[in-house]
Amino acid sequence: MQDETKETDGSLLGDSRQTPPGKKENMKWQKPRLTRKALMKCCLVKWILSSAAPQGSDSSDSDFELEAVRHQPEGLDQLQALTKFTKKELQSLYRGFKNECPSGLVNEETFKLIYAQFFPQGDATMYAHFLFNAFDMDQSGAIRFEDFVVGLSILLRGTVHEKLNWAFNLYDINKDGYITKEEMLAIMKSIYDMMGRYTHPILREDAPIEHVEKFFQKMDRNRDGVVTIEEFLETCQKDENIMSSMQLFENVI
């Protein structure tokens, strides 16, 4: 496993610095480098920045624009402390978020529209549903800007341990602290439904089932039919093939 403390620049606002090449090029899985190009593959970042006002268009860059929203986010300094985004990145993200969601809250229907936009040839409905529930930590039916950027920060710039914890929460659909084979299959099928037509060669219909069977055989150490967070973290971090497969999830954020 690569050193999780080494973070490279990943500015959303066009920093021109290059990320130095990785030292372990022969490894099957490597921690993604935080380049602007890599970040801009994120559907949620594309969506939110596409609605942001032109940079430098007014003097509001010095702070959040709060007057037009019903839900006001935490202070800029506090959000910087909670995330790995810069001040300018948070400002840009907030402008886009406010333009798309003037109430200051994003609902599940918006998530479905986002993924339908980026995956028009697939069915992204169920994946958007599961992803929304993972961001909606308090299960309120709406996501605040704070929750949104904290989740994005983990997914885009978190350590391997933080990302795996977030992934476990995604797979744990009913939030009971365990992943069942049925829950993992539901998530995998939703990803394959959304991405299947973009893969080459075309995936077989039974591919998600085979994928889950292979995962569970490795993860369910005590053979009790469920995977705990401890089993999930230990297995993922020790198995390079599983970590490589987990990138399928990271590529459809």
Side-chain angles (χ1 to χ4, degrees), residues 1-2 27-32 41-44 108 111-112 114-116 118-137 139 151-152 154-156 158-253:
M1 190 65 61
Q2 292 185 338
M27 290 182 64
K28 293 182 180 179
W29 182 88
Q30 294 185 18
K31 181 180 177 182
K41 291 180 180 179
C42 173
C43 297
L44 295 175
E108 182 174 336
F111 261 60
K112 291 178 179 178
I114 294 169
Y115 281 87
F118 287 106
F119 299 94
Q121 297 181 20
D123 183 358
T125 303
M126 286 308 300
Y127 180 73
H129 168 73
F130 293 136
L131 191 64
F132 177 84
N133 285 342
F135 273 95
D136 183 17
M137 295 296 292
Q139 302 298 292
L152 279 181
I154 292 172
L155 291 168
L156 298 174
T159 64
V160 170
H161 191 271
E162 289 170 336
K163 289 182 179 181
L164 289 176
N165 269 290
W166 205 95
F168 182 89
N169 177 58
L170 174 71
Y171 284 112
D172 181 16
I173 295 174
N174 66 0
K175 311 306 177 193
D176 65 352
Y178 301 95
I179 299 175
T180 65
K181 191 177 293 186
E182 291 74 21
E183 286 176 320
M184 184 171 283
L185 180 59
I187 298 292
M188 292 308 303
K189 286 183 69 174
S190 73
I191 295 175
Y192 277 66
D193 286 344
M194 182 172 65
M195 293 291 295
R197 298 181 186 183
Y198 291 90
T199 62
H200 183 79
I202 300 298
L203 296 167
R204 304 187 318 278
E205 289 188 9
D206 60 352
I209 297 176
E210 290 185 3
H211 199 132
V212 170
E213 289 289 346
K214 185 181 299 183
F215 269 28
F216 243 78
Q217 192 173 35
K218 293 181 178 181
M219 291 184 180
D220 185 12
R221 299 295 184 86
N222 60 2
R223 300 294 185 262
D224 63 352
V226 296
V227 173
T228 65
I229 182 64
E230 292 80 15
E231 289 174 321
F232 185 81
L233 291 173
E234 182 180 359
T235 306
C236 288
Q237 292 183 94
K238 288 183 177 180
D239 192 308
E240 290 180 356
N241 290 324
I242 290 181
M243 292 299 288
S244 180
S245 297
M246 290 293 292
Q247 287 188 329
L248 173 64
F249 154 67
E250 290 187 8
N251 290 335
V252 289
I253 301 166

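Taken from CG in Asp176 to CG in Asp172, the straight-line distance is 5.0 Å, to the nearest 0.5 Å. From Tyr127, atom OH reaches atom CD1 of Ile191 across 5.0 Å, with rounding to the nearest 0.5 Å. Here CG of Leu170 is found 13.5 Å from CZ of Phe132. Values are rounded to the nearest 0.5 Å. One finds the NZ atom of Lys163 at 7.0 Å from the CD1 atom of Ile253 (value rounded to the nearest 0.5 Å). For the atom pair Leu44 CG and Leu152 CG, the distance stands at 5.5 Å (nearest 0.5 Å). Separation of atoms NZ (Lys218) and SG (Cys236) is listed at 10.0 Å; rounding is to 0.5 Å.
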Show your reasoning for whether salt bridge (charged side-chain N to carboxylate O under 4.0 Å, His left out) applies to Lys238 and Glu234.
-> CA-CA 6 Å; Lys238 288 183 177 180; Glu234 182 180 359; 3.1 Å; yes

I would like to know whether Leu131 and Tyr115 meet side-chain contact (heavy atoms from CB on, under 4.5 Å); could you show each step before the answer?
-> CA-CA 10 Å; Leu131 191 64; Tyr115 281 87; 3.1 Å; yes

Evaluate the criterion side-chain contact (heavy atoms from CB on, under 4.5 Å) for residue pair Gln237 and Phe232; output intermediate values, then yes/no.
-> CA-CA 9 Å; Gln237 292 183 94; Phe232 185 81; over 6 Å; no

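Summarising the geometry of Ser190 relative to Phe130, their closest heavy-atom pair is OG-CD1, 3.7 Å, with the distance given to 0.1 Å. Summarising the geometry of Ala124 relative to Ala116, their closest heavy-atom pair is CB-N, 4.3 Å, with the distance given to 0.1 Å. Across all non-hydrogen atoms, the minimal contact from Phe168 to Val227 is CE1-O, 3.6 Å. Minimum interatomic distance between His161 and Leu233 (heavy atoms only, all atoms of both residues): NE2-CD1, 3.5 Å. Between Glu183 and Ile173, the shortest heavy-atom contact is OE2-N, 3.2 Å. For the residue pair Phe119 and Cys43, the shortest heavy atom distance occurs at CE1-SG, 3.6 Å.
For Glu231 (side chain) and Arg221 (main-chain N/O), a donor-acceptor pair under 3.5 Å exists by modelled atom type. Distance alone, capped at 3.5 Å, is enough to place a donor-acceptor pair between the Glu162 side chain and the Thr159 backbone.
Looking at heavy atoms from C-beta onward, Met184 lies out of side-chain contact with His211 at the 4.5 angstrom threshold. Between Met126 and Met194, the closest side-chain pair of non-hydrogen atoms is not below 4.5 Å. The closest side-chain heavy-atom distance from Phe135 to Leu155 is below 4.5 Å.
Judged as a side-chain hydrogen bond (donor to acceptor under 3.5 Å, both in side chains), and not counting sequence neighbours, the contacts of Glu230 are Thr228. Legend: residues meeting side-chain contact (heavy atoms from CB on, under 4.5 Å) with Val226, ordered by chain and number and at least two apart, are Tyr178, Thr180, Asp224. By the side-chain contact (heavy atoms from CB on, under 4.5 Å) test, Asn169 is found to be paired with Ala134, Met137, Lys175, residues two or more places apart in sequence or in another chain being considered.
Counting non-hydrogen atoms of neighbouring residues, nucleotides and ligands closer than 6.0 angstrom, the CD atom of Gln217 reaches no more than 12 such neighbours.
Classification of Lys112 and Glu108 as a salt-bridged pair holds, one side-chain N sitting under 4.0 Å from a carboxylate O.
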